[in-house]
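Quick notes on the structure that follows.
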Amino acid sequence: MRRLPAGLVAAAAAGLAWGTFEAGWLRRRVLELELPGLHPALDGLRIAHLSDFHLGAPSRGRVATERAVEWVASRQPELVCVTGDLVSHPRGEALFRALLRRLGRPYVVLGNHDVALSRDPFSRAAELDDLREEAVLLRDAAVELPLRGRRVQLVGLDPRSYRREWSRAAELADPGADLRVLLCHFPGIARRLAPGAFDLILAGHLHGGQIAIPYPGGKVPLTHPGAPEVAGLYRSPAGVLHVSPGLGTTLVPLRFLARPEVTELVLHAGGTCDPSLS
């Protein structure tokens with residue numbers, strides 16, 4: 001059997017070491033976001049967006065997740081939203097519940113890994129139906145909460161109804177609310193909704209590509225390479241879409257040119273958002 005060239009072996013080892021390191025190298029990002037028609041009383045409203053913890057899988061994504069929760073807890077935003085793929089194996093459930101308690105009962109939707117809709121052979125669904133003490137779990141449901149004296153509505157979709165195209169997001173949306181926010185694990189929901197259905201749509205799922213191959217002027221994500229929205233802010237007729245790069249990993253415990261991220265969105269009245277990834 002021919003031996004691999006030493007340079008190739010060294011490059012592979014360096015790549016694995018970097019990918020392992022990057023999986024825990026958290027980016028803490030604050031994005032200023034202008035929303036057309038936002039009520040002036042809600043100007044400056046801060047929303048923390050976290051996604052894709054994948055707890056229970058052996059990965060430095062756990063480090064990134066714990067640091068992200070610590071950062072959010074220290075900043076005390078007015079809303080905390082978590083958009084699915086929370087636990088990749090039941091052994092991560094205890095830590096997940098402890099982290100939710102640190103976030104002060106956030107608003108949560110499930111992802112495909114949470115309900116065993118995954119190609120990852122190492123993923124196992126956990127029992128997350130009883131999060132009443134730690135979070136507000138939205139499964140094709142809506143809640144309204146008063147913030148700064150205005151009506152803010154949150155709508156959350158279940159991943160199973162999304163996959164079967166049974167989601168009732170448009171029916172749940174309240175056109176009279178001062179701010180309508182949709183939580184869905186999958187960014188593709190924005191293409192299924194009528195124009196103006198929501199003011200803000202929060203999603204995850206794609207991990208920013210998780211492993212990307214660079215080329216002059218850009219990079220190609222290896223996971224979901226054809227996805228039109230991979231990470232960041234995008235214009236959408238249905239509402240401004242924020243796709244979180246997420247915090248954990250799946251299939252392999254590596255990230256490459258796709259750092260884990262926790263994001264704080266600061267809402268402002270007027271204008272349109274910059275659709276490019278900052």
Side-chain angles (χ1 to χ4, degrees), residues 47-57 59 61-62 64-65 68-69 72 79-90 92-93 95-97 99-100 103 105-120 122-131 134-143 154-169 172 181-190 192-193 198 200-210 223-224 227 229-232 241-251 258 260-263 265:
I47 302 176
H49 182 197
L50 308 93
S51 194
D52 296 85
F53 296 178
H54 289 281
L55 292 171
S59 167
R62 170 175 174 162
T65 300
V69 168
V72 170
L79 272 178
V80 180
C81 301
V82 185
T83 52
D85 275 2
L86 312 169
V87 176
S88 283
H89 193 282
E93 185 177 345
L95 174 60
F96 171 64
R97 291 178 182 272
L99 293 176
L100 285 184
L103 291 173
R105 208 160 179 264
Y107 295 88
V108 172
V109 293
L110 301 180
N112 52 298
H113 280 259
D114 302 315
V115 293
L117 294 174
S118 169
R119 294 174 295 176
D120 186 344
F122 306 108
S123 182
R124 300 289 184 274
E127 295 297 329
L128 300 178
D129 291 332
D130 59 338
L131 295 177
E134 299 95 346
V136 179
L137 178 60
L138 298 174
R139 309 183 77 168
D140 295 331
V143 294
L154 298 181
V155 174
L157 300 186
D158 186 88
R160 286 166 291 203
S161 60
Y162 173 87
R163 284 285 182 88
R164 296 166 182 162
E165 299 190 14
W166 293 348
S167 299
R168 299 183 298 113
L172 293 168
V181 182
L182 174 65
L183 279 60
C184 179
H185 182 61
F186 305 98
I189 188 63
R192 296 185 182 182
L193 298 170
F198 290 88
L200 179 63
I201 301 168
L202 303 180
H205 185 52
L206 302 181
H207 299 196
Q210 188 167 316
T223 61
H224 308 281
E229 307 97 1
V230 177
L241 171 67
H242 180 252
V243 183
S244 170
L247 295 162
T249 60
T250 187
L251 289 174
E261 180 181 312
V262 55
T263 315
L265 301 170

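Keep in mind that this is a model prediction, so the values were computed, not measured. As a basis for the values below, the full set of heavy atoms in this structure was taken, side chains included, without hydrogen atoms, waters or symmetry mates.
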NE2 (H54) and CG (L86) are apart, to the nearest 0.5 Å, by 9.0 Å

Interatomic distance, CG@L200 vs CG@L183, rounded to 0.5 Å, equals 8.5 Å

In terms of heavy-atom contacts, G209 and V230 come closest through N-CG1, 3.6 Å

For H207 and G248 the tightest heavy-atom approach is ND1-O, 3.8 Å

Applying side-chain hydrogen bond (donor to acceptor under 3.5 Å, both in side chains) to D140 and not counting sequence neighbours gives S161

Separation between CG (L251) and OG (S59), nearest 0.5 Å, reads 11.5 Å

Heavy-atom distance under 4.5 Å between the side chains of T250 and D85, does that happen here? no

Nearest heavy-atom approach of V243 to G204 is CG1-O, 3.8 Å

In terms of heavy-atom contacts, V181 and F198 come closest through C-CD2, 4.0 Å

Check: D114 side chain, V87 main-chain N or O, donor-acceptor pair, under 3.5 Å: yes

d(T83 OG1, D52 CG) to nearest 0.5 Å is 6.5 Å

Would you say the side chain of L138 lies within less than 4.5 Å of the side chain of V155, judging by non-hydrogen atoms? no

All heavy atoms of A57 vs all of S88, minimum pair found to be CB-CB, 4.2 Å

CG (L154) and CG (L172) are apart, to the nearest 0.5 Å, by 12.0 Å

Measuring only between side-chain heavy atoms, which start at C-beta, is I47 closer than 4.5 Å to Y107?
no

Applying salt bridge (charged side-chain N to carboxylate O under 4.0 Å, His left out) to E229 and not counting sequence neighbours gives R191

**Request:** May I ask you to test the V109-L157 pair for a side-chain heavy-atom distance under 4.5 Å?
**Result:** no

Across all chains, not counting sequence neighbours, the side-chain hydrogen bond (donor to acceptor under 3.5 Å, both in side chains) partners of H242 are H49

Sorted by chain and residue number, the ring-ring contact (aromatic ring centres under 6.0 Å, His included) partners of Y162 (sequence neighbours excluded) come out as F186

> Are Q210 and T249 close enough that some pair of their side-chain heavy atoms sits under 4.5 Å apart?
Replying inline: yes

One should read off an interatomic distance between H113 NE2 and H205 NE2, to the nearest 0.5 angstrom, of 7.5 Å

Sequence neighbours excluded, the answer for side-chain hydrogen bond (donor to acceptor under 3.5 Å, both in side chains) partners of S244 is none

query = Would R105 and V136 count as a side chain to side chain contact (heavy atoms under 4.5 Å, CB included) if you check the C-alpha gap in whole Å, the side-chain angles of each, and the deciding distance to 0.1 Å?
reply = CA-CA 6 Å; R105 208 160 179 264; V136 179; 3.4 Å; yes

What one should report as the nearest heavy-atom pair of S51 and G84 is OG-O, 3.9 Å

side-chain hydrogen bond (donor to acceptor under 3.5 Å, both in side chains) filter on T65, not counting sequence neighbours, yields none

